[in-house]
Amino acid sequence: MQHASPINDVQQKLEQTRDQRVSELQELLRIPSVSAVSAHHDDCREAANWVHKQLAACGFETETVETDGLPIVSAEWTKAKGAPTALVYGHYDVQPPDPLNEWTTPPFEPTIRDGCLFARGATDDKGQVFTHIKSVAAWLDATGKLPINVKFVIEGEEEVGSNNLEKFLESHKYRLACDIAVISDTAQYGNGIPAITYGLRGILACEVILHGPHQDLHSGVFGGAITNPVNALAKMLGTLHDDDGRIQIPGFYDDVIPLTDEERRAFADLPFDEQAYCKSLGIDAVAGEAGYTTLERRWARPTCDINGFFGGYQGEGPKTIIPAKATAKITCRLVPGQDAHQLTQALEHFLREQCPPGVRFEFKTYHGAPAVLCDTSSPYMAAARKAVEAGFGQTPVMIREGGSIPVVGSFKQILGVDTLLLGWGRNTDNLHGPNEHFHLEDFHHGTLASAHLWAALSQ
Ligand code: BES
Ligand code: MN
Ligand code: MN
């Protein structure tokens with residue numbers, strides 16, 4: 001008689017616990033752990049405790065580490081002597097749920113509809129993190145052990161730039177020693193097309209404020225005689241791009257490592273339906289830097305975007321004022337070669353130089369992170385492909401992504417390891433927007449892929 005292989009027992013355990021795992025995830029999703037809003041910081045701590053308890057209950061040695069900001073949950077199971085060690089990263093914080101009135105069901109009342117679990121954080125990143133917690137739980141329950149050593153770092157400040165994470169990685173460098181990092185915080189390529197992401201864009205985030213008169217003034221009495229801060233800022237921001245979509249900040253493209261022909265061909269080989277893409281977004285045309293395809297623009301070209309533009313009267317009906325100030329929130333997505341710190345200075349200089357008399361220029365820097373490219377030919381990558389295929393029943397495609405996960409660069413720099421970016425979500429899951437959801441099918445396939453990953457990495 002053939003001996004049952006441990007992965008079959010694990011898979012069976014996952015089958016038996018399907019509904020329970022979904023309802024436990026709902027508990028976590030009920031906690032409004034919005035890191036950007038200080039009134040929610042107690043909720044963030046509650047989410048950290050919840051994650052702590054889950055990992056401890058699996059049999060992991062678990063610790064919640066305080067930082068200058070929100071706590072980091074760190075856990076490990078290292079009894080697989082001689083086997084490799086994987087470090088799983090994820091984040092328990094979520095984006096603000098706004099605009100609230102566009103949610104069909106409230107963001108922190110997780111609801112199952114049409115095969116999806118709707119809640120803020122369902123896919124980004126609570127639901128995806130939970131797949132790894134539950135896959136190790138299933139291994140330990142079914143077999144009493146894991147095929148490799150696994151460590152977890154679950155932080156609470158990813159959505160605000162992970163500003164306290166590097167210090168933690170530095171001071172816990174030896175405890176976090178590992179062979180490979182694993183993150184599920186990206187997406188599949190498309191419906192039914194799982195993916196492994198080997199590159200992410202970096203980011204820089206800042207804010208510009210133009211201060212004009214000490215208070216709003218009558219625009220008939222004063223208009224035309226003084227600088228209007230909103231007019232001035234609009235003009236300055238209008239100079240960021242030329243008509244070909246090229247960013248005009250001097251030196252902005254100097255260090256960009258261009259796409260190779262091979263990569264351009266690989267991108268072009270991926271199925272992409274531009275019309276369907278536009279339709280899904282409610283727009284009538286794509287746009288961007290001249291000379292590049294949509295996938296190239298999204299994954300491998302830098303950007304400069306205004307994320308918010310404020311100033312003056314925002315209420316109903318007209319109001320005739322010269323606003324006292326104007327503000328723009330700006331982020332640039334960066335590609336390999338570009339330096340966030342250097343380009344933040346270049347951006348500040350470019351705008352400051354253009355500031356007209358009569359307004360005062362203020363510039364705030366929020367955060368920065370480099371772009372990353374991971375080794376696609378490593379044995380870890382080969383193991384990940386096998387695991388994703390086993391979990392989803394489809395061979396994954398290799399993609400890059402336009403979003404940013406600051407920790408990936410820090411893992412390389414501080415721990416000296418590459419990351420496997422195994423996204424179980426979909427870009428259509430409304431992450432950061434209203435009605436965020438996670439397909440339950442993706443949740444279950446992702447958990448199974450994760451369970452296979454530990455076995456595949458052990459070989
Ligand atoms: N999970 C996302 C990043 C992501 C999403 C990568 C989809 C690829 C595909 C992450 O939580 C996120 O939103 N990151 C921020 C970074 C930041 C605030 C420093 C981002 O990309 O805007
Ligand atoms: Mn995320
Ligand atoms: Mn996010």
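Residues: numbered from 1 along the sequence shown. Numbering of ligands and ligand atoms starts at 1, following listing order.
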- [ ] Please say whether the positively charged group of Arg352, taken as NZ for Lys or CZ for Arg, lies over the ring of Phe361, i.e. under 6.0 angstrom from the six-membered ring centre and within 45 degrees of the axis.
- [x] no
Task: NZ/NE/NH1/NH2 to OD/OE distance under 4.0 Å, Arg297 and Glu289 - done: no
Open item on the list: Would Arg246 pass as a cation-pi partner of Tyr253, given that its NZ or CZ must be under 6.0 Å from the six-membered ring centre and within 45 degrees of the axis?
Closed with: yes
Task: Glu263/Arg400 ion pair, N-O < 4.0 Å - done: yes
TODO: Calculate, to the nearest 0.5 Å, the distance between atoms CD and CG belonging to Gln188 and Leu422 respectively.
DONE: 11.5 Å
Task: Electrostatic pair Lys325:Glu362 at N-O distance under 4.0 angstrom - done: no
Open item on the list: For Thr331 and Asp305, which I'm curious about, is there any donor-acceptor pair between the side chains at under 3.5 Å?
Closed with: no
TODO: Could you count the protein N, O or S atoms found under 2.8 Å away from the Mn ion (ligand 2)?
DONE: 4
What does the contact table look like for ligand 1 (nitrogen or oxygen on each side, cut-off under 3.5 Å)?
unit_1, atom_1, unit_2, atom_2, d
ligand 1, 1 (N), Asp124, OD1, 3.3
ligand 1, 1 (N), Asp185, O, 2.8
ligand 1, 1 (N), Asp185, OD1, 2.8
ligand 1, 1 (N), Asp185, OD2, 3.0
ligand 1, 11 (O), His91, NE2, 3.2
ligand 1, 11 (O), Asp124, OD1, 3.0
ligand 1, 11 (O), Asp124, OD2, 3.4
ligand 1, 11 (O), Glu158, OE1, 2.7
ligand 1, 11 (O), Glu158, OE2, 3.4
ligand 1, 11 (O), Glu159, OE2, 3.1
ligand 1, 13 (O), Glu159, OE1, 3.2
ligand 1, 13 (O), His432, NE2, 2.8
ligand 1, 14 (N), Glu158, OE2, 3.1
ligand 1, 14 (N), Ser404, O, 2.9
ligand 1, 21 (O), Arg333, NH1, 2.8
ligand 1, 21 (O), Arg333, NH2, 3.4
ligand 1, 21 (O), Ser404, N, 2.9
ligand 1, 21 (O), Ser404, O, 3.4
ligand 1, 22 (O), Arg333, NH1, 3.4
ligand 1, 22 (O), Arg333, NH2, 2.7

TODO: Give a yes or no on whether a salt bridge exists between Glu109 and Arg30, defined as a side-chain N under 4.0 angstrom from a carboxylate O.
DONE: no
Task: Atom name in His432, limited to N/O/S, at shortest distance from the Mn ion (ligand 3) - done: NE2
Open item on the list: Apply ring pair (Phe, Tyr, Trp, His ring centres under 6.0 Å) to residues Trp424 and Phe443 and explain how you reach the verdict.
Closed with: CA-CA 7 Å; Trp424 315 142; Phe443 173 64; over 10 Å; no
- [ ] Assess the side chains of Thr123 and Glu436: does a donor N or O sit below 3.5 Å from an acceptor N or O?
- [x] no
